Each structure stands twice: as structure tokens, then as C-alpha cells.
Amino acid sequence: MAATIEGRDRELIEQPNFCMVATLRPDGTPHVTPTWVDYDGEHILLNSAEGRSWPENIRRDSRVTLTILNMENPYEYLSIRGRLADDTHEGAREQINRLAKKYMDKDEYPGPADEVRVIFKIEPLEVRRFGS
């Protein structure tokens, strides 16, 4: 059953705080990657380019743990245990541009224009905040 994200937890996601995405490699060892993060009111949204490691990991094993650090006070953080609900290319370029505005104050993502972008929708199963 999906967890609800509201109040201060939602604020931490909506602010330009980085998200550490923990997935499992094929050999079972953890792989952690910093990413930008978004929320649509139901799912945590992550955006990546095809061909990177963590997207392949999460497609193979849908379990994921996300840690979102308060950039102003890294002792406050949100830990979300979840699973991959869906991934789509639809709207991914537009979303990475919105994230570039949020994190870099740029209207357009400065990465390679020929990257194939993908949105990963994470269903939050457990949400815990620490250090507040």
C-alpha cells in the first residue's frame, strides 16, 4: 500500500534537495546515485538517461530506497522505501527541463540533446523523516 507524503516531507521533496537513489546491482551489491527529484502527489519522480546503471538496476529489481537530504541542514533527511511503479519516455524531456529550472535556475537542461530521457515513477511504501 502506498504511503502518503505531505507536510514537511513533501516540502523536502519540492525544495531543490538532492535525492540519493539506492538500487541493487546484478551481484546484489548496492549502487547509490545522486539525482534530482520531483513528486506528482502520488509517485516520486526520477529522471535519467537511458544507458545508465541505476535505471537498469531498478528495472531488474524494482525495490529502491531514496534518501533526500535537506541541503541547508543535512542532519534532516527523508528516507523513502519504495518500488518502481512505471517508467516512461513520455514527457521526460519536459520534466528534465522543469528540474533544471528547480535545481539550476535554467530554462533548459544543459545535457546532450540526443539523450533519451526516461521518467521513473516510484511508489512510496514507507516514508520516515529524521533530524527535524
Side-chain angles (χ1 to χ4, degrees):
M1 179 174 192
T4 303
I5 299 174
E6 51 193 21
R8 180 65 180 149
D9 296 348
R10 187 169 181 153
E11 287 175 13
L12 287 171
I13 296 169
E14 291 175 345
Q15 294 167 350
N17 294 314
F18 288 96
C19 176
M20 304 304 148
V21 179
T23 59
L24 294 172
R25 292 184 178 103
D27 68 0
T29 58
H31 179 266
V32 180
T33 302
T35 65
W36 295 343
V37 63
D38 201 2
Y39 183 60
D40 68 3
E42 181 180 0
H43 296 101
I44 305 295
L45 305 177
L46 306 173
N47 191 306
S48 189
E50 291 290 1
R52 294 186 179 162
S53 297
W54 77 262
E56 296 308 316
N57 291 342
I58 198 171
R59 284 176 172 144
R60 189 188 60 266
D61 184 332
S62 67
R63 296 174 297 170
V64 63
T65 297
L66 310 174
T67 303
I68 301 165
L69 300 170
N70 178 345
M71 298 299 286
E72 294 178 3
N73 173 15
Y75 295 106
E76 181 184 29
Y77 62 95
L78 194 60
S79 179
I80 302 169
R81 186 179 53 81
R83 68 169 190 85
L84 177 64
D86 191 22
D87 67 277
T88 182
H89 296 102
E90 194 171 319
R93 179 59 61 179
E94 293 80 9
Q95 189 214 24
I96 197 65
N97 287 337
R98 285 191 305 276
L99 289 170
K101 186 67 172 175
K102 173 181 172 179
Y103 285 91
M104 304 173 75
D105 198 29
K106 293 187 181 282
D107 292 329
E108 220 172 276
Y109 177 65
D114 62 344
E115 281 182 329
V116 177
R117 304 298 306 188
V118 57
I119 298 171
F120 291 89
K121 297 180 180 184
I122 307 300
E123 177 185 12
L125 301 174
E126 179 183 38
V127 179
R128 296 182 66 199
R129 185 168 21 97
F130 300 89
S132 56

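A quick note: this is a predicted structure, and the numbers were derived from the prediction, not measured.
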Thr23: partners by side-chain hydrogen bond (donor to acceptor under 3.5 Å, both in side chains), with sequence neighbours left out: Asn57
Glu56/Arg60 under salt bridge (Lys or Arg N to Asp or Glu O under 4.0 Å): CA gap, chis, key distance, verdict: CA-CA 6 Å; Glu56 296 308 316; Arg60 189 188 60 266; over 6 Å; no
Side chain to side chain, Ile5 and Tyr39, heavy atoms closer than 4.5 Å: yes
Heavy-atom side-chain contact between Leu24 and Arg63 under 4.5 Å: yes
Reported CG-to-CD distance for the pair Leu125 and Glu123, which is rounded to 0.5 angstrom: 5.0 Å
Selection residues 46-80 - residue pairs positive for ring pair (Phe, Tyr, Trp, His ring centres under 6.0 Å), sequence neighbours left out: Trp54-Phe120, Tyr77-Phe130
Point-to-point distance, once rounded to the nearest 0.5 Å, from CD1 of Ile122 to CG of Leu46: 5.0 Å
Ile80 side chain reached by Ile44 side chain, heavy atoms, under 4.5 Å: yes
Transitive ILVMFWY side-chain link Met104 to Leu99, under 4.5 Å: yes
Any side-chain heavy-atom pair of Asn47 and Arg117 under 4.5 Å: yes
From CA spacing to verdict: side chain to side chain contact (heavy atoms under 4.5 Å, CB included), Leu69, Met20: CA-CA 8 Å; Leu69 300 170; Met20 304 304 148; 4.2 Å; yes
Shortest non-hydrogen separation from Ala22 to Val32 and the atoms involved: CB-CG2, 4.1 Å
From OG (Ser79) to CG (Asp9), nearest 0.5 Å: 10.5 Å
Rounded distance (nearest 0.5 Å) linking atom CG of Leu45 with atom CD1 of Ile13: 9.5 Å
Polar side-chain atom of Asn17 near backbone of Met71 as donor-acceptor pair, under 3.5 Å: yes
side-chain hydrogen bond (donor to acceptor under 3.5 Å, both in side chains) partners of Thr33, counting only residues at least two apart: His31
Of all pairs that satisfy side-chain hydrogen bond (donor to acceptor under 3.5 Å, both in side chains), the ones with a partner from residues 99-109, not counting sequence neighbours: Lys101-Asp105, Lys101-Asp107
Salt bridge Glu115-Arg52, side-chain N to carboxylate O under 4.0 Å: yes
Residue Glu126 excluded, over 12 heavy atoms near CD under 6.0 Å: yes
Heavy-atom closest contact (Leu78 atom, Arg129 atom, distance): CD1-CB, 3.9 Å
Gap separating the CZ atom of Arg128 from the OG1 atom of Thr67, nearest 0.5 angstrom: 11.5 Å
Residue from Val37, Ile58, Thr35 passing side-chain contact (heavy atoms from CB on, under 4.5 Å) with Val21: Thr35
Residue pairs involving residues 25-50 (criterion salt bridge (charged side-chain N to carboxylate O under 4.0 Å, His left out); sequence neighbours excluded): Glu50-Arg59
Reported OG-to-CD1 distance for the pair Ser48 and Ile119, which is rounded to 0.5 angstrom: 11.5 Å
Min side-chain heavy-atom separation Asp87-Lys121 under 4.5 Å: no
Pairs touching residues 71-80 that satisfy salt bridge (charged side-chain N to carboxylate O under 4.0 Å, His left out), sequence neighbours left out: Arg8-Glu76
